[in-house]
Amino acid sequence: MKLQIVSARTGVTWVKEGIRNFWRQPLALSGLFFVFLGVISLTSLLPVVGAFAGLVLLPALSLGLMAASRETLLGKFPMPSVLFIGFRAGPVQSKRMLLTGFCYAMLFCLILVLSSLFDGGEFARMYLLGGEINESIANDSHFQEAVMFSLVLYLPLSALFWHVPGLIHWHMQPVAKSLFFSIVACISNWRAFALFGLTWALVFLTTSLFLSVISMLTEDGQLSLMLLLPAMLMLSAMFFTSCYFSFRDCFVSEVVLA
């Protein structure tokens, strides 16, 4: 395994490749993304530990979506079982995936705890226990500060774990080494990842504006709302599809596992 430095414009290429690859198997990849959401949602319904358990599974299931993208790229049909590929490579790899998920969940919860300094824990309770965001909560300055604080801290957390599932699965690296190489890869290629994130933000924003224009032209206020959710879900599936390419290009000499 060797870290590879890529140009800034590669971040835009990752987005293009992800969208292009999605349309090779749109139904299969969309279906897998819905299963991904379903597993996380059902796990989160467990009493007491549900939200934490969902966070623990997130890295392994994200690997499954990356593996599905890779299967599609190779001309294969991604079966539903690929979503759980992180737990199918033996007990050692499964333990590493669970440890990764546990570390991710702990650090994520730490961010939520720290955000309580701004709003008394309202955002943390809403995320972990569920609840609707009404107008008064959304307009509360302390709640907004807690959300922004969490988003800022989530960026380094995301960089720390971005490549970890792939490094564990495809390069058979231990958790500590995977964490180290993940953050180093993201820092070394920060320009590409910055363009990757900005391009996806532009794609989501442009899609929202396009649907709003259609709604205005048809004078149907409900039309954009009806189309917005499936459109955002489809774009989210494309985003996860593109994550594989960011991993593939940052590390060379990939070891292919079943």
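The backbone N or O of Leu155 lies less than 3.5 Å from no partner atom in the side chain of Ser158, so there is not a single donor-acceptor pair. Between the side chain of Ser246 and the backbone N or O of Cys243, at least one donor-acceptor pair lies under 3.5 Å. Gln25 contributes no side-chain N or O that, together with a main-chain N or O of Phe77, makes up a donor-acceptor pair within less than 3.5 Å. Side chain of Ser116 to backbone of Val113: a donor-acceptor contact under 3.5 angstrom is found. Without hydrogens or angle criteria, Asn189 side chain to Ala192 main chain gives no donor-acceptor distance under 3.5 Å. Looking only at distances, a side-chain donor or acceptor of Arg125 sits under 3.5 Å from a matching main-chain atom of Gly120. Proximity of a side-chain donor or acceptor of Glu71 to a complementary backbone N or O of Lys76 within less than 3.5 Å is not detected.
Two residues are said to be in side-chain contact when any heavy atoms from C-beta on lie closer than 4.5 Å; Phe247 and His171 meet this criterion. Looking only at side-chain heavy atoms (C-beta outward), Gln93 and Ile168 come within less than 4.5 Å of each other. Taking the side chain as every heavy atom from C-beta outward, Tyr244 and Glu17 never approach each other to under 4.5 Å.
Across every non-hydrogen atom of Ala231 and Leu211, the tightest pair is CB-CD1, 4.0 Å. For Ser208 against Leu228, the heavy-atom pair with the smallest separation is OG-CD1, 3.9 Å. Nearest heavy-atom pair across Leu32 and Pro78 is CD1-CB, 3.8 Å. Nearest heavy atom pair, residue Arg248 against residue Leu73, reads NH1-CD2, 3.9 Å. Ile183 approaches Leu160 most closely through the heavy-atom pair CD1-N, 3.9 Å. Across every non-hydrogen atom of Leu55 and Ala105, the tightest pair is CB-CB, 3.6 Å.
In this pair, Tyr154 and Phe108 present their aromatic rings perpendicular. The plane angle is above 60°, beyond the 30 to 60° band. Using cut-offs of 30° and 60° for the angle between ring planes, the Phe196 and Phe193 rings count as perpendicular. In this structure, Phe251 and His163 have perpendicular ring planes: the angle between them is above 60°, well past the 30° mark.
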message = Pair Phe34, Leu233 - check side-chain contact (heavy atoms from CB on, under 4.5 Å), show working.
response = CA-CA 8 Å; Phe34 283 119; Leu233 289 173; 3.5 Å; yes
- request: Show your working on side-chain contact (heavy atoms from CB on, under 4.5 Å) between Phe33 and Met234 and close with a plain yes or no.
  value: CA-CA 9 Å; Phe33 181 69; Met234 183 175 292; over 6 Å; no
Please test Thr241 against Asn21 for side chain to side chain donor-acceptor pair (under 3.5 Å), starting from the C-alpha separation and ending with a verdict. CA-CA 7 Å; Thr241 302; Asn21 199 40; 5.9 Å; no
| said: I'd like to know whether Phe118 forms a side-chain contact (heavy atoms from CB on, under 4.5 Å) with Val147, so could you lay out the CA-CA distance, the side-chain angles of the two residues, the decisive distance to 0.1 Å, and finally the verdict. | reply: CA-CA 9 Å; Phe118 295 90; Val147 173; over 6 Å; no
Practice prompt. Could you walk me through whether Phe22 and Leu235 pass side-chain contact (heavy atoms from CB on, under 4.5 Å), step by step?
Written response: CA-CA 10 Å; Phe22 174 85; Leu235 289 178; over 6 Å; no
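Taking CE of Met148 as the start and OG of Ser141 as the end, the distance is 13.5 Å to the nearest 0.5 Å. Taking CE of Met97 as the start and CG of Leu57 as the end, the distance is 12.0 Å to the nearest 0.5 Å. Separating the NE2 atom in His169 from the CZ atom in Arg88 is a distance of 8.5 Å, to the nearest 0.5 Å. Between the CZ atom in Arg9 and the CH2 atom in Trp14 there is a gap of 12.5 Å [rounded to 0.5 Å]. Between the CG atom of Leu114 and the SG atom of Cys109 there is a distance of 11.5 Å, given to the nearest 0.5 Å. Here Tyr127 contributes atom OH and Ser150 contributes atom OG; the two are 10.0 Å apart, rounded to the nearest 0.5 Å.
Side-chain rings of Phe36 and Phe240 approach one another, their centers coming within less than 6.0 Å.
Phe180 and Trp190 fall into different hydrophobic clusters, where Ile, Leu, Val, Met, Phe, Trp and Tyr are joined by side-chain heavy atoms under 4.5 Å apart, directly or via other members. A continuous path of Ile, Leu, Val, Met, Phe, Trp and Tyr side chains, each step under 4.5 Å between heavy atoms, connects Leu61 with Leu37, placing both in one hydrophobic cluster. Residues Met79 and Ile85 do not share a hydrophobic cluster, defined by chaining ILVMFWY side chains whose heavy atoms lie under 4.5 Å apart. Using a 4.5 Å cut-off between side-chain heavy atoms of Ile, Leu, Val, Met, Phe, Trp and Tyr, with links allowed through other members, Val35 and Leu42 fall into different hydrophobic clusters. Linking ILVMFWY side-chain heavy atoms closer than 4.5 Å, directly or via other members, places Leu202 and Leu151 in two distinct hydrophobic clusters.
Heavy atoms of other residues, nucleotides or ligands lying less than 6.0 angstrom from CZ of Phe52 number more than 12. Within 6.0 Å of the CZ atom in Phe149, the count of heavy atoms belonging to other residues, nucleotides or ligands exceeds 12.
For the side chain to side chain contact (heavy atoms under 4.5 Å, CB included) with Phe161, the lone residue among Ser182, Cys186, Cys103, Ser178 that qualifies is Cys103.
When only modelled atom types and interatomic distance are considered, Thr10 and Ser7 share a side-chain donor-acceptor pair under 3.5 Å.
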